[in-house]
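Here is the structure we will look at.
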Amino acid sequence: MKKRVLSGIRATGRLHLGNYLGAVKGMLELQNPSTGSGQEYETYYMVADVHTITTPYSVEELRKNRREVIIDYLAAGLDPEKSVIFQQSEVNEHLELAFYLSSVVTVAKMQHLPTFKDKVKQYPENVTMALLNYPVLMSADILIYKGELVPVGVDQEPHLEVAREIARRFNQDFGTNFPEPQRFKTNGEYVPSLTGEGKMSKSIEGSYINLTDNLDEIKSKIARIPTDSGQGSSVEGGVKSLFEFVELFQGKEKRDYLEAQYKGSGVKYSDIKLELSEAIFKELKPIQEKRREFESNPTLVDRIISEGNEKARRVAKETIKEVKEKMGLS
Ligand code: ATP
Ligand code: MG
């Protein structure tokens with residue numbers, strides 16, 4: 001049997017460079033494994049629209065984004081002939097399994113996760129049960145397809161640890177055969193925020209560059225990365241983020257060269273920022289062109305989504321049937 005893969009992105013906005021490098025690139029790699037590697041995967045890629053409601057959101061924005069994220073996926077190269085592309089909320093079984101799984105998870109454990117603490121800091125007025133349950137729902141997303149590999153950014157590692165623990169507990173207690181899912185890593189597993197603090201996030205204004213940004217937008221966003229006089233003994237904050245972007249889009253050699261200059265005679269940020277903006281745009285341009293094709297063909301997008309939802313449901317239903325039987329619920 002082929003190994004199964006699951007990944008998803010919240011419908012909290014349009015995709016940014018972090019989502020692309022940390023998640024989508026891995027999703028593509030597993031969808032299109034290099035010929036000759038002998039490995040093939042069955043790939044399930046969703047828009048995590050139910051995860052969106054774990055933090056404050058606008059109904060109108062969610063309605064729009066649960067489709068836009070899929071168009072971003074298609075533009076980036078996810079292929080409905082090779083991957084099951086679907087909407088989480090259309091496969092009710094994810095929610096059903098999440099409730100069953102929650103029976104082996106303690107509240108204390110969930111409250112101690114760094115991801116939970118981050119979101120509490122970001123939204124102190126919205127510490128809800130849904131937020132606390134986020135990792136359990138994510139475990140259900142993966143385990144319902146018996147997913148073994150999960151292409152996600154490094155920020156999601158604590159959630160994968162939860163998924164593995166749940167799988168072990170369930171297998172022990174109920175005799176299920178859930179695999180212990182592993183994260184599939186990419187080079188851009190942690191893309192920093194443009195603010196110089198924390199990671200790039202859809203829900204943090206000023207932190208991101210969207211895949212749909214044009215060259216002028218990219219230039220002005222990169223220009224706002226906070227920098228210093230251009231010289232110093234250790235690279236930190238915005239300068240560190242800037243150099244990380246250089247490495248991601250222009251290579252490690254270029255970064256090492258700039259760091260050495262920074263520690264020596266000094267660097268000129270305007271030139272670095274301009275070159276970097278151009279390198280980023282070069283990578284995004286073909287994605288933007290492909291996006292326009294899908295935007296102009298809404299019936300095709302509708303069909304891709306409804307076929308994906310149907311395929312995902314078929315597999316999810318089998319797992320639910322098995323779990324209910326083993327738990328004494330049928
Ligand atoms: P939100 O702010 O709403 O949580 P987000 O930008 O963190 O949005 P998610 O939808 O939570 O995006 O995550 C989608 C995927 O993108 C996950 O695999 C996550 O690990 C990855 N990801 C998110 N931000 C980054 C980042 N800055 N660098 C690398 N990967 C990232
Ligand atoms: Mg996030």
Side-chain angles (χ1 to χ4, degrees), residues 5-34 41-49 51-52 64-88 141 147 149-156 183-191 194 199-203 207-215 217-218 221 245 248-250 277-298 300-305 307-309 311-312:
V5 174
L6 178 286
S7 189
I9 293 186
R10 296 196 333 140
T12 43
R14 300 284 277 273
L15 265 55
H16 55 65
L17 295 180
N19 302 138
Y20 178 60
L21 298 178
V24 177
K25 279 235 165 154
M27 291 157 82
L28 286 167
E29 216 174 300
L30 293 168
Q31 171 190 274
N32 310 320
S34 57
Y41 303 94
E42 213 175 292
T43 44
Y44 293 80
Y45 298 139
M46 63 174 193
V47 53
D49 51 0
H51 278 285
T52 306
K64 205 170 71 210
N65 284 330
R66 65 197 289 276
R67 183 183 170 84
E68 293 297 334
V69 169
I70 292 202
I71 300 178
D72 277 334
Y73 277 163
L74 296 168
L78 294 201
D79 178 352
E81 299 289 325
K82 298 180 184 162
S83 294
V84 180
I85 300 170
F86 69 103
Q87 291 161 319
Q88 182 189 27
D141 298 333
L149 275 180
V150 185
V152 288
V154 72
D155 61 298
Q156 296 298 316
R183 189 166 71 89
F184 181 76
K185 297 174 195 168
T186 62
N187 286 337
E189 64 175 16
Y190 182 89
V191 175
L194 298 177
K199 76 166 191 72
M200 187 176 281
S201 292
K202 281 186 248 99
S203 61
S207 79
Y208 55 80
I209 289 175
N210 288 122
L211 300 187
T212 46
D213 285 347
N214 63 35
L215 182 56
E217 286 165 325
I218 296 171
K221 287 180 179 182
F245 283 110
L248 288 167
F249 289 92
Q250 298 176 280
S277 303
E278 279 162 359
I280 293 174
F281 183 63
K282 193 164 164 236
E283 180 133 1
L284 299 189
K285 200 164 167 258
I287 299 177
Q288 297 179 1
E289 281 161 7
K290 202 156 169 205
R291 194 178 212 283
R292 280 191 279 277
E293 287 171 31
F294 286 103
E295 279 168 351
S296 65
N297 199 344
L300 173 65
V301 175
D302 287 342
R303 199 178 69 227
I304 291 170
I305 294 176
E307 286 177 6
N309 290 344
K311 282 187 206 157

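Side chains are part of it too, since the values below use all heavy atoms of this structure and drop only hydrogens, waters and symmetry mates.
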Note to self: One pair to check against salt bridge (charged side-chain N to carboxylate O under 4.0 Å, His left out): Glu68 and Arg291. What are the steps and the verdict?
What the structure shows: CA-CA 10 Å; Glu68 293 297 334; Arg291 194 178 212 283; 2.8 Å; yes
*asked:* Walk me through whether His16 and Ile209 qualify under side-chain contact (heavy atoms from CB on, under 4.5 Å).
replied: CA-CA 5 Å; His16 55 65; Ile209 289 175; 5.8 Å; no
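Residues Val24 and Ile9 have side chains in contact (heavy-atom distance under 4.5 Å, counting atoms from C-beta outward). Put simply, the side chain of Gln288 reaches to within 4.5 Å of the side chain of Phe281, judged on heavy atoms. The shortest side-chain heavy-atom distance between Val69 and Asn19 does not fall under the 4.5 Å cut-off. Side-chain contact between Pro298 and Arg67 is present, with at least one heavy-atom pair separated by less than 4.5 Å. Contact of the Leu211 side chain with the Leu17 side chain is registered, since non-hydrogen atoms from C-beta on lie closer than 4.5 Å. Residues Tyr20 and Asp72 are not in side-chain contact: their nearest non-hydrogen atoms beyond the backbone lie 4.5 Å or more apart. Side-chain contact between Gln31 and Leu78 is present, with at least one heavy-atom pair separated by less than 4.5 Å. Side-chain contact check for Val5 versus Pro151: some heavy-atom pair is nearer than 4.5 Å.
Heavy-atom minimum distance, Tyr73 versus Met46: OH-O, 2.7 Å. The nearest pair of heavy atoms linking Met27 to Tyr45 is O-OH, 2.7 Å. Between Ser277 and Leu215, the closest heavy-atom pair is O-CD1, 3.8 Å. Taking both residues in full, the closest heavy atoms of Tyr190 and Lys199 are given as OH-N, 3.2 Å, listed atom of the first, atom of the second, then distance. Here the closest non-hydrogen pair linking Lys202 and Tyr208 is O-CE2, 3.3 Å. Heavy atoms only, all atoms of each residue included: Ser83 and Thr43 are closest at OG-OG1, 2.7 Å.
Classification of the Tyr44-Phe86 ring pair by plane angle, with boundaries at 30° and 60°, yields perpendicular.
Applying the 6.0 Å contact sphere to CG of Asn187 captures no more than 12 heavy atoms from other residues, nucleotides or ligands.
Within the 3.5 Å criterion, the main-chain N or O of Gly153 finds no donor-acceptor partner in the side chain of Gln156. At least one donor-acceptor pair under 3.5 Å links the side chain of Ser296 to the backbone N or O of Glu293. Put simply, the side chain of Arg66 never gets that close to the backbone of Ala11: no donor and acceptor are under 3.5 Å apart. Remark: side-chain polar atoms of Arg183 are paired, donor with acceptor, to backbone N or O of Val152 under 3.5 angstrom. The backbone N or O of Glu81 sits less than 3.5 Å from a side-chain atom of Asp79, completing a donor-acceptor pair.
Asp141 and Gln88 share a side-chain donor-acceptor pair at under 3.5 Å.
If you take NZ on Lys282 and CD on Gln250, they are separated by 10.0 Å, rounding to the nearest 0.5 Å. With rounding to the nearest 0.5 angstrom, the CD1 atom of Ile71 is 6.0 Å from the CD atom of Glu295. Put simply, CG on Asn309 and CD1 on Ile85 are 11.0 Å apart, with the number rounded to the nearest 0.5 Å. Rounded to the nearest 0.5 angstrom, Leu74 CG and Ile304 CD1 are separated by 5.0 Å. Atom-to-atom distance recorded for Ile218:CD1 and Asn210:CG is 9.5 Å, nearest 0.5 angstrom. Interatomic distance, CD1 of Ile305 versus CG of Leu300, reported as 10.0 Å (0.5 Å rounding).
Glu307 and Arg303 are joined by a salt bridge, as a carboxylate oxygen and a charged side-chain nitrogen come within less than 4.0 angstrom of each other. Checked for salt-bridge contact, Glu289 and Lys285 meet the test: a charged N lies under 4.0 Å from a carboxylate O.
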